[in-house]
Amino acid sequence: MKPAPFAYHRPSTVAEAAQLLAATQGKILAGGQSLIPIMSMRLASPAALVDLNHVPGLAAIDVTSTAVHIGALTRHAALEANDAAYLANPLLRRALRHVAHATIRNRGTTVGSIVHADPAAEMPAVLRLLGGIVEAVSSERGHRSIDSADFFVGPLESALQPDEVAVAATFPHPPGGSGSSWAEISRRHGDYGLVGVGSLVVLDEGRRITSASVCLISVGGTPVLVDVTDASSGTTYDAVDWTAALELVDAAIDPESDIHATAAYRRQLARVLTGRALAQATADAIARVAA
Amino acid sequence: MTTKMFGQRVPRVEDPRLLSGQGRYLDDLGHDALEVAFVRSPHAHARIVDVDVSAALDVEGLVAIYTYDDLDGRTTEPLPLLIPHPALTHGRTPYALAKDEVNHVGEAIAMVVASDRYVAEDVVGLIQVEYELLPAVVGIERSRDGGDLVHADVPGNVAATMVQEVGDAATMIAAAGHRATLSLSIERSASMPMEGKGVLARWDPDDESLLMHTSTQTSTSVRQAVAAKLSLPVDRVEVVTPDVGGGFGVKIVHPWPEEILVPWAALRLGQPVKWVEDRREHFVSSAHERGQLHEVEFGYDDDGHLRGLSVRFWHDNGAYTPYGLIVPIITSTQLLGPYKPGAYRVEFQSLYTNTVIVTPYRGAGRPQGCFVMERVMDAIAADLGLDRTVVRERNFIQPEEMPFDHGLIFQDGRPLIYDSGDFPASLAKLKALVGWDDFESYRSAARAEGRQVGIGVACYVEGTGVGPYEGGHLRIETDGSVVVSTGLTTQGQGHQTMLAQIVADELGVSMDRIRVTTGDTRRFKYAVGTFASRTAVMSGSAVALTARKVRAKALRIAANALEASVDDLEIVDGHVQVKGSPGSQIDLGAVAVLSNPLRYAFDAGATRATQFAAPADPSVPPVPENDQPGLEGTDYYSPLRSTFANGMHAVVVETDPETAEIKILRYCVVHDCGTVINPMIVEGQVHGGVAQGVGGALYERMEYDAAGQLLNASYMDFLMPYASEVPHIEIDHLETPSPLNPLGVKGAGEAGVIPGSAAIAAAIEDAEGFAIAAMPISPSELFELRRRHAGR
């Protein structure tokens, strides 16, 4: 379990990093929590690593009036602990607590997790649920913003080009009157979820549901976003029946059997967790309105 | 008065060192050594057509590549079959490096020695092996079919068939008022020590000797094996066990191919050579356990008394049988637990598959047997509508029936005779601890909240302290400190503490004056090893006997010096004194000085032992006849047979009606390992065992596909429980001393793991209302079981 030989580069600017990445056809090293194990098992043998860790300014967490902006070196743990981000968007902390173990979150980066595009990972689904954006830079084509709707292409596959450095991600704040939740079941504490569901529910002033959506992990090749507004809207929070929403989710997902769970069991979890997540998000919306 | 240490919760003397990172494990040693990596088979079953190393030869840092053809002398022979048995008619062992054929993914084909492990792995990637694929035999059913063979010369894949019978089981079952059958299965798991295997070998050309460090459970036997395989005189080989990061059984197997190949290469190259196993290697090239299928037939009367029991089972022994039939023999005998089976017949077949070898893992065949017997007890209770503990009570061997002879032969080749135990008392304690009689009201209350709960109980008996022997050496130094050595090895259990407690009491010295060494053949040459929960029984007894011997000598010398009678002396806090008269005393260091008549003085203490220091009796030699200089001694303990510990677990689970998640709400243990030397260490052993029991019941399995690929060969997918998955464990003790050894102790190392699957299955069954016949069980499997039962 030792990696094959690779060149190591330590750029000090994003431009230099992008240049090196293009020139070496290497890989970006940020937190390394997925990349290094893969390299140690020689499942990947990049010719070069371009280490972003010495590029200043990439670890910031910027909470504006509209969004939480994070850099490529923002660790999961830093974002999880950031109170301003939590106040603006509690879903971030709620989901991050399900990302692996604390020691992994101390080193692993949220942008790195998004770019890795594991269909079992939480933060890609959060980005997708909130309609977030990934900022990318290439030495040849410059900067571009990639909408989360276009970003996740397949399992471990994103729209990021091999010469692009993902430098930041933006999580827009959920609208006023909204509540959110994250529900997940894993085999052991800290494992990838057998199924995980993020939920966002928006209430109007009459506490009627005006929009409701869920984003599920581990039930398809990418995070599966399902708008269940039509299955619920108009009803007030305490009279809502989510049965139709569960049917929508069931129709949208395509889980597979693996060594940890059958597809049928994942479908069951998707239904149960969707119901729980929507109920929790609704309760959260009520609590936030009341507070 | 010296405080009595035996029986106290003495903090482990090992912990400050180990917990502050001061441990010295195999990979902490030998930074100057060349390092090794292996080309291992990616196929479960194949003929090796060609090994082409040409692309690898130019790698900078490469020192040597070896294949089978490079081996010489006895290294070309198959590795030893460690424990032969008359029933093992078709035992097969691997070669150190595969010759012509590979029989499981992970079998070593070529050995690469390089400047470091990185380079060695680079070279491994460049060696091309051409294979001719053969059909892979995976799983017990496939092996039993016998359509494809693992070894062409082993018909039906059957390594062994063994039958034991007491009474006429078929007749007794037929004559019983009630009869039933069960089909049961247990999946594979593995020891999975945090530290894998590792070997460091240094050849000293000047001394013509080999010094080898290996992460083993038996250094003395590795020494014999390496000397034999490398054709070296035994006295030119020493084997040292450094700190070992867990064994749990897998490291009692020896010599591993690497334990032969690494010293062989060191000798050949004249340089230190080291190999440290990585996790993936450990998954595919060490050992697994547990996989068995059982067909059970039994008869019982209206009161739930078992009248006859017939068990037929199939044991998956993997690709080779270096450790003989130990696991299935233990299953077949320990299955009986604390019960009288009426008549009993057991027949097993040990079958080859193209998978990693199967050798003992903590519990060693007992969890399977316990699962089977406890399923039988629960089935009887369910059929007759009796309380499950009542059925157990009615079938228990009673205390007045001890010693109880089952009429079977145990794994040590000796009769299966329980020496002591009080099973009704243990069960009563357990019922009180878990609140068995109040459970129905708890169940009703939970049900009112929409929660589904269940309770299960399982009992076991464990043969521990297996012979043939262990020894101890003890020396009191001239500074009064005590140096103790025993030949078996330690893997973190707290042996140094436990043995020092025994010595402290026997000698009357304080713990901090005692140093204990284990597993170093330079210090102690005759030993068996650490397995079968035997250290406290075997080395504990041996060290106690040794201490008594040295104490007697100390008293004899002190009596002379104090001009007192031996009978009037006692040792208090390192001083020999006339009883009740502390003014007349001599410290043990001074006694040690006097024990060794000297010609040359090198310090003030030594001066006391020189020839002109004191008047001496000129009519006797300075060292009397039949005596030896020095205050030291060696003694051995060899038991008549194993001593049998027992225990009972009760588990309360909650199963989620929607998600099928299984949560352990309570885990209660009543444990009887005879006289307890250190309750804290015993409880720690039970905790660790329970953790592995929970793992085996709810999380762990080896996911082989039909082609023999292990799909979950990493800690990401092989789900050992974290601390977050292990429940709080409530423990009560019962002490029924063993009459077989001087300390009255029984083994405690494996106990906690044994009834885990049985008790947890029973609790899930109780919560769900349908039978659980296969373990482990995951939420997904419970969900699928529910669907099957709902569809009926």
Side-chain angles (χ1 to χ4, degrees), chain A residues 1-6 33-34 36-45 97-98 100-104 118 120-121 183-197 218 242 246 255-277 279, chain B residues 35 37 59-61 114 116-126 196 276-282 656-662 694-695 698-705 710-726 778-788:
Chain A
M1 286 202 191
K2 307 290 184 200
F6 58 88
Q33 298 301 292
S34 296
I36 297 298
I38 292 171
M39 288 173 63
S40 291
M41 289 188 271
R42 301 203 179 203
L43 296 172
S45 301
R97 288 196 168 152
H98 291 269
H101 302 274
T103 43
I104 292 174
D118 193 313
E184 179 172 319
I185 286 178
S186 57
R187 287 293 276 118
R188 297 172 301 181
H189 174 80
D191 282 346
Y192 279 117
L194 295 173
V195 174
V197 183
S218 300
W242 294 113
L246 306 190
E256 289 180 1
S257 295
D258 64 16
I259 60 175
H260 300 305
T262 62
Y265 179 59
R266 283 206 161 87
R267 282 194 179 278
Q268 167 77 0
L269 290 187
R271 294 179 73 100
V272 172
L273 292 180
T274 297
R276 289 180 186 175
Chain B
E35 290 200 82
V59 175
E60 198 183 325
D116 61 50
R117 174 81 183 213
Y118 291 81
V119 173
E121 289 193 22
D122 293 345
V123 171
V124 165
L126 294 170
V276 176
E277 184 181 60
D278 70 27
R279 188 52 55 186
R280 187 175 158 72
E281 285 183 291
H282 189 78
D656 188 300
E658 291 185 309
T659 64
E661 287 170 288
I662 302 159
V694 168
L698 298 177
Y699 296 99
E700 299 166 5
R701 65 171 70 229
M702 291 294 167
E703 293 281 358
Y704 273 106
D705 70 9
L710 186 57
L711 302 179
N712 61 339
S714 81
Y715 275 170
M716 209 165 92
D717 284 319
F718 178 80
L719 307 179
M720 281 199 300
Y722 299 121
S724 45
E725 280 68 46
V726 178
S778 68
S780 179
E781 285 162 322
L782 179 57
F783 169 77
E784 297 296 340
L785 270 182
R786 283 178 181 173
R787 291 214 298 172
R788 225 169 299 153

Contact class of [X] relative to chain A, heavy atoms under 4.5 angstrom:
| X | result |
| --- | --- |
| B:Arg279 | both |
| B:Ser778 | both |
| B:Asp656 | side chain |
| B:Glu725 | side chain |

Exercise. Where is the tightest heavy-atom contact between A:Arg188 and B:Tyr715, given as atom of each residue plus distance?
Worked result: NH2-O, 3.2 Å
For this session: Work out which heavy atom in A:Met1 is nearest to a heavy atom in B:Arg117; give both atom names and the distance.
Result: N-NH2, 4.2 Å
Problem set entry | Basic-acidic side-chain contact under 4.0 Å: A:Arg276, B:Glu658 | yes
Exercise. With under 30° as parallel and over 60° as perpendicular, where do the rings of B:Phe783 and A:Tyr265 fit, or are they tilted in between?
Worked result: tilted
Exercise. Is there a donor-acceptor contact under 3.5 Å linking the side chains of A:His260 and B:Asp717?
Worked result: yes
Exercise. If we ignore angles and hydrogens, is there a donor and acceptor under 3.5 Å between the side chains of A:Thr262 and B:Glu784?
Worked result: yes
Exercise. With a 4.5 angstrom heavy-atom cut-off, which part of A:Arg42 approaches chain B: side chain, backbone, both or neither?
Worked result: side chain
Exercise. What part of A:Pro3 lies closer than 4.5 angstrom to a heavy atom of chain B: side chain, backbone, both or neither?
Worked result: both
Exercise. If you count heavy-atom pairs under 4.5 Å with chain A, which of B:Asp122, B:Leu698, B:Leu711 comes out on top?
Worked result: B:Asp122
Seminar exercise, completed: In terms of heavy-atom pairs under 4.5 Å with chain A, the winner among B:Glu703, B:Glu781, B:Glu281 is B:Glu703
For the atom pair [atom1] ([X]) and [atom2] ([Y]), what is the distance rounded to the nearest 0.5 Å?
| X | Y | atom1 | atom2 | answer |
| --- | --- | --- | --- | --- |
| B:Glu661 | A:Leu269 | CD | CG | 7.5 Å |
| B:Phe718 | A:Ile259 | CZ | CD1 | 10.5 Å |
| A:Ile185 | B:Ser780 | CD1 | OG | 11.5 Å |

For this session: Decide yes or no on side-chain contact (heavy atoms from CB on, under 4.5 Å) for B:Thr659 and A:Gln268, but give the supporting numbers first.
Result: CA-CA 7 Å; B:Thr659 64; A:Gln268 167 77 0; over 6 Å; no
For this session: Among A:His189, A:Met41, A:Arg266, A:Arg271, single out the residue with the greatest number of heavy-atom pairs under 4.5 Å to chain B.
Result: A:His189
